[in-house]
Amino acid sequence: MKKELVCTVCPLGCHLVWEDGILSGNNCARGYTFMIDELESPKRNISSTVKIISNNHRLLPVKTSAPIAKELVKKAVRLLMDVELSAPIRLGDVVVSDIFGTGVDFIATRTIF
């Protein structure tokens, strides 16, 4: 099996090639770790928004506190469609806790009064 990825761990953006258990193209050990993680259990961070009621702002930007499994991303974004919050909300407040039992939270990335 041949798998090609661009490493996103550092600014170098190495072109990684995994073929028959051998990795090429990485300029550091972090590229190897990145490829193994991506092959075994890919994870992603999510940035999105939730609705704000009774305020001049209509949307609050949120993000995950840590990466979650790639297969949960669409389901997690759909979960946010039903969330409505009232001000005040502070930067770092937990908006949705423990997304699908992963231990990862959606947190506010802006303060709104």
Side-chain angles (χ1 to χ4, degrees):
M1 170 183 83
K2 184 175 182 178
K3 179 81 171 182
E4 298 182 37
L5 291 174
V6 174
C7 183
T8 58
V9 176
C10 73
L12 291 177
C14 298
H15 182 80
L16 306 176
V17 179
W18 179 268
E19 189 168 16
D20 299 326
I22 299 171
L23 179 66
S24 61
N26 60 313
N27 289 319
C28 66
R30 293 182 293 177
Y32 181 82
T33 304
F34 171 79
M35 180 61 93
I36 296 299
D37 289 345
E38 196 61 25
L39 290 172
E40 292 178 355
S41 62
K43 295 184 177 186
R44 300 290 184 265
N45 286 305
I46 301 173
S47 296
S48 190
T49 56
V50 296
K51 296 174 193 166
I52 300 293
I53 53 176
S54 69
N55 192 293
N56 292 336
H57 302 281
R58 293 184 180 194
L59 298 172
L60 171 74
V62 297
K63 68 175 186 173
T64 50
S65 59
I68 65 169
K70 187 176 177 181
E71 62 266 9
L72 293 176
V73 170
K74 286 183 182 178
K75 191 175 173 184
V77 171
R78 275 190 236 115
L79 173 73
L80 293 176
M81 293 172 68
D82 297 327
V83 175
E84 291 185 354
L85 302 172
S86 298
I89 300 157
R90 300 201 185 313
L91 174 71
D93 282 355
V94 174
V95 174
V96 177
S97 64
D98 194 23
I99 305 164
F100 307 119
T102 61
V104 177
D105 304 323
F106 274 112
I107 57 173
T109 60
R110 182 177 179 184
T111 298
I112 295 180
F113 293 105

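Throughout, residue positions are numbered sequentially from 1 according to the sequence presented.
- A 6.0 Å sphere centred on CE of M81 holds no more than 12 heavy atoms belonging to other residues, nucleotides or ligands.
- Contact annotation: the side chain of L79 never approaches that of K75 to less than 4.5 Å [non-hydrogen atoms, C-beta and beyond].
- Shortest non-hydrogen contact noted between G25 and C14 is O-CB, 3.3 Å.
- Between E38 and R44 there is a salt bridge, with a side-chain nitrogen of the basic residue lying less than 4.0 Å from a carboxylate oxygen of the acidic one.
- Screening V83, T49, L85 for a side chain to side chain contact (heavy atoms under 4.5 Å, CB included) involving L60 leaves a single residue, L85.
- Hydrophobic clustering of Ile, Leu, Val, Met, Phe, Trp and Tyr side chains at less than 4.5 Å, counting indirect connections, unites L39 with L16.
- Apart from I22 itself, the hydrophobic cluster it occupies contains nothing, where clustering links Ile, Leu, Val, Met, Phe, Trp and Tyr at side-chain heavy-atom distances under 4.5 Å.
- Between A76 and I46, the shortest heavy-atom contact is CB-CD1, 3.8 Å.
- Going from atom CG of L5 over to atom CE of M35 covers 4.0 Å, rounded to the nearest 0.5 Å.
- The side-chain hydrogen bond (donor to acceptor under 3.5 Å, both in side chains) analysis of residues 6-34, with sequence neighbours excluded, yields the pairs E4-H15.
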Output a table of donor-acceptor pairs, distance under 3.5 Å, between side-chain atoms of residues 91-112 and any protein atom two or more places apart or on a different chain; print 'none' if there are none.
| unit_1 | atom_1 | unit_2 | atom_2 | d |
| --- | --- | --- | --- | --- |
| D93 | OD2 | R90 | N | 2.9 |
| D98 | OD1 | T102 | N | 3.3 |
| D98 | OD1 | G103 | N | 2.6 |
| T102 | OG1 | I99 | O | 2.7 |
| T102 | OG1 | V104 | N | 3.2 |
| D105 | OD1 | D98 | N | 2.7 |
| T109 | OG1 | P61 | O | 3.0 |
| T111 | OG1 | L91 | N | 2.9 |

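- Atom CG in L72 sits 10.5 Å away from atom CZ in R78 (nearest 0.5 Å).
- V62 is not connected to L59 by any chain of hydrophobic side-chain contacts under 4.5 Å among Ile, Leu, Val, Met, Phe, Trp and Tyr, and they are in different clusters.
- A chain of hydrophobic side-chain contacts below 4.5 Å, direct or via other Ile, Leu, Val, Met, Phe, Trp or Tyr residues, connects V77 to I68.
- Note on V9: it does not cluster hydrophobically with V6, by side-chain heavy-atom contacts below 4.5 Å among ILVMFWY residues.
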